[in-house]
Amino acid sequence: MKILVCISNVPDTTSKINFTDGDSTFDKNGVSYIINPNDEFGLTRAMWFKEKQGASVDIITVGEADVEPTMRKCLAIGADNAIRVNAKPEDSFFVAKQIAATAKDGGYDLIIAGRESIDYNGGVVPGMIAGLLDANFINTCINLEIEGTTATVIREIDGGKETLSATLPLVIGGQKGLVEESDLRIPNMRGIMMARKKPLTVIEPSSNETQTSPNGFSKPSPKGSVTLVDADNIDQLIDLLHKEAKVI
């Protein structure tokens with residue numbers, strides 16, 4: 001089985017976020033980057049298939065040279081090969097189109113993407129990839145088993161879970177539950193040394209077509225001050241909930 005894992009290089013949630021050029025451009029200065037958590041769950045599941053079923057695992061990222069440390073970490077975790085599409089990820093359609101073009105020539109049985117990235121939270125790239133490849137697609141996956149050419153998938157739905165079966169080739173959007181956080185892997189020294197020798201192929205984008213462009217960014221409004229109410233003053237609490245919070 002041949003697996004392709006889509007990796008997004010995203011800001012660490014502890015980084016302070018700023019914008020420049022009139023709030024139209026994300027400021028990368030001083031920002032630490034990590035593997036998108038939903039993608040990391042998918043990569044860890046792919047490692048399971050590699051170890052238990054002999055699958056080969058490639059990763060792919062659409063990004064410029066500064067994403068390569070994240071890709072090397074994926075190789076250190078255990079991926080066999082890395083592919084970087086040498087382009088700024090302008091929008092979801094552009095990213096999906098680059099991944100689909102590469103996957104079409106790669107003959108992959110399974111493509112694992114995170115259901116969304118934690119920076120822009122678009123949640124549309126996996127579905128677009130499947131549409132461009134005319135492949136089966138299941139989103140919000142929390143469990144995945146494969147036997148032969150048949151995949152059994154559990155996904156989250158409103159109010160519960162749904163179990164589905166699908167034939168390969170398949171694209172999934174994974175999330176926490178595909179593996180647990182305790183299953184995530186920290187690269188060891190041997191993995192880091194081996195990653196230096198694994199191939200990281202850089203290819204040019206298949207096209208420059210995009211469908212959207214950002215007009216600007218804004219941060220959430222600062223939280224207001226906290227009003228403390230004496231536990232015995234129920235009337236004041238009710239008044240505040242009614243007139244200020246407007247929840248009753």
Side-chain angles (χ1 to χ4, degrees), residues 3-12 15 17-28 31 33-43 46 58-74 79 81-108 110-141 169-175 200-218:
I3 302 174
L4 180 66
V5 181
C6 305
I7 299 294
S8 292
N9 184 55
V10 299
D12 191 322
S15 296
I17 301 303
N18 290 301
F19 303 100
T20 60
D21 300 329
D23 290 336
S24 63
T25 304
F26 176 70
D27 185 3
K28 293 184 177 181
V31 176
Y33 284 84
I34 60 172
I35 304 170
N36 180 51
N38 287 320
D39 301 343
E40 193 169 4
F41 293 130
L43 177 61
D58 295 350
I59 63 164
I60 186 169
T61 302
V62 179
E64 298 171 317
D66 58 356
V67 308
E68 291 192 3
T70 295
M71 301 182 75
R72 288 293 179 191
K73 181 179 179 180
C74 294
N81 304 287
I83 304 165
R84 178 172 71 83
V85 181
N86 185 31
K88 185 178 179 180
E90 296 287 355
D91 75 345
S92 298
F93 176 76
F94 175 79
V95 170
K97 193 167 185 179
Q98 307 313 312
I99 294 173
T102 304
K104 187 175 182 180
D105 296 331
Y108 294 99
L110 174 65
I111 299 176
I112 302 176
R115 67 177 177 88
E116 65 181 2
S117 61
I118 63 169
D119 48 5
Y120 293 106
N121 301 104
V124 296
V125 169
M128 286 183 175
I129 294 170
L132 291 166
L133 293 174
D134 195 26
N136 293 322
F137 171 58
I138 302 174
N139 205 9
T140 62
C141 297
L170 173 67
V171 180
I172 71 162
Q175 61 182 54
L200 195 163
T201 304
V202 180
I203 61 176
E204 294 304 313
S206 59
S207 74
N208 294 316
E209 183 182 3
T210 60
Q211 299 292 319
T212 61
S213 61
N215 292 328
F217 298 94
S218 61

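Numbers here simply count residues along the sequence, with the first being 1.
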Residues which pass salt bridge (charged side-chain N to carboxylate O under 4.0 Å, His left out) with [X], listed by chain and number, not counting sequence neighbours:
{"X": "Glu209", "answer": "Lys97"}
{"X": "Arg84", "answer": "Glu68"}
{"X": "Asp66", "answer": "Lys28"}

Closest heavy-atom contact between [X] and [Y]?
{"X": "Leu133", "Y": "Ala100", "result": "CD2-O, 3.4 Å"}
{"X": "Val31", "Y": "Phe26", "result": "CG2-CZ, 4.1 Å"}
{"X": "Ala46", "Y": "Val5", "result": "CB-CG2, 3.7 Å"}
{"X": "Pro11", "Y": "Ile17", "result": "CB-CD1, 4.2 Å"}
{"X": "Ile112", "Y": "Gly42", "result": "CG2-CA, 3.5 Å"}

Beyond-backbone contact of Asn81 with Thr201, side-chain heavy atoms, under 4.5 angstrom: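 They are not in side-chain contact.
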Side-chain touch Ile111/Cys6, heavy atoms, less than 4.5 angstrom: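 In contact.
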Gap between atom CD1 of Ile59 and atom NZ of Lys73 - 0.5 Å precision: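 Separation between the atoms: 12.0 Å.
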Straight-line distance of Ser207 OG to Phe93 CZ, nearest 0.5 Å: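 Atom-to-atom, Ser207:OG and Phe93:CZ are 7.0 Å apart.
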Donor-acceptor contact present, side-chain Asp23 to main-chain Ser218, <3.5 Å: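 Such a contact is absent between Asp23 side chain and Ser218 backbone.
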Asn36 side chain vs Val10 backbone, donor-acceptor pair below 3.5 Å: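 No: the side chain of Asn36 does not pair with the backbone of Val10.
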By side-chain contact (heavy atoms from CB on, under 4.5 Å) - contacts of Pro205 (at least two apart):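 Pro205 satisfies side-chain contact (heavy atoms from CB on, under 4.5 Å) with Val85, Ala87, Phe94, Gln98, Asn208 only.
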Test side-chain contact (heavy atoms from CB on, under 4.5 Å) applied to Ala101 - qualifying residues, sequence neighbours left out: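 Per chain and number, Ala101 pairs via side-chain contact (heavy atoms from CB on, under 4.5 Å) with Ser206.
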Qualifying side chain to side chain donor-acceptor pair (under 3.5 Å) pairs, either residue in residues 124-139, two or more places apart: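 Listed once each, the pairs are Asn136-Thr167.
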Distance-only donor-acceptor pairs under 3.5 Å for side chains of residues 116-131, two or more places apart:
{"unit_1": "Ser117", "atom_1": "OG", "unit_2": "Asp119", "atom_2": "OD1", "d": "2.6"}
{"unit_1": "Asn121", "atom_1": "ND2", "unit_2": "Ser117", "atom_2": "O", "d": "3.1"}

Return the set of residues passing side chain to side chain donor-acceptor pair (under 3.5 Å) with [X] (not counting sequence neighbours), or none when no residue passes.
{"X": "Asn38", "result": "none"}
{"X": "Thr212", "result": "Asp91"}
{"X": "Thr70", "result": "Asn9"}
{"X": "Asp21", "result": "Thr25"}

Residues forming a ring pair (Phe, Tyr, Trp, His ring centres under 6.0 Å) with Phe217, sequence neighbours excluded: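 With sequence neighbours excluded, Phe217 shows a ring pair (Phe, Tyr, Trp, His ring centres under 6.0 Å) to Phe19, given in chain and number order.
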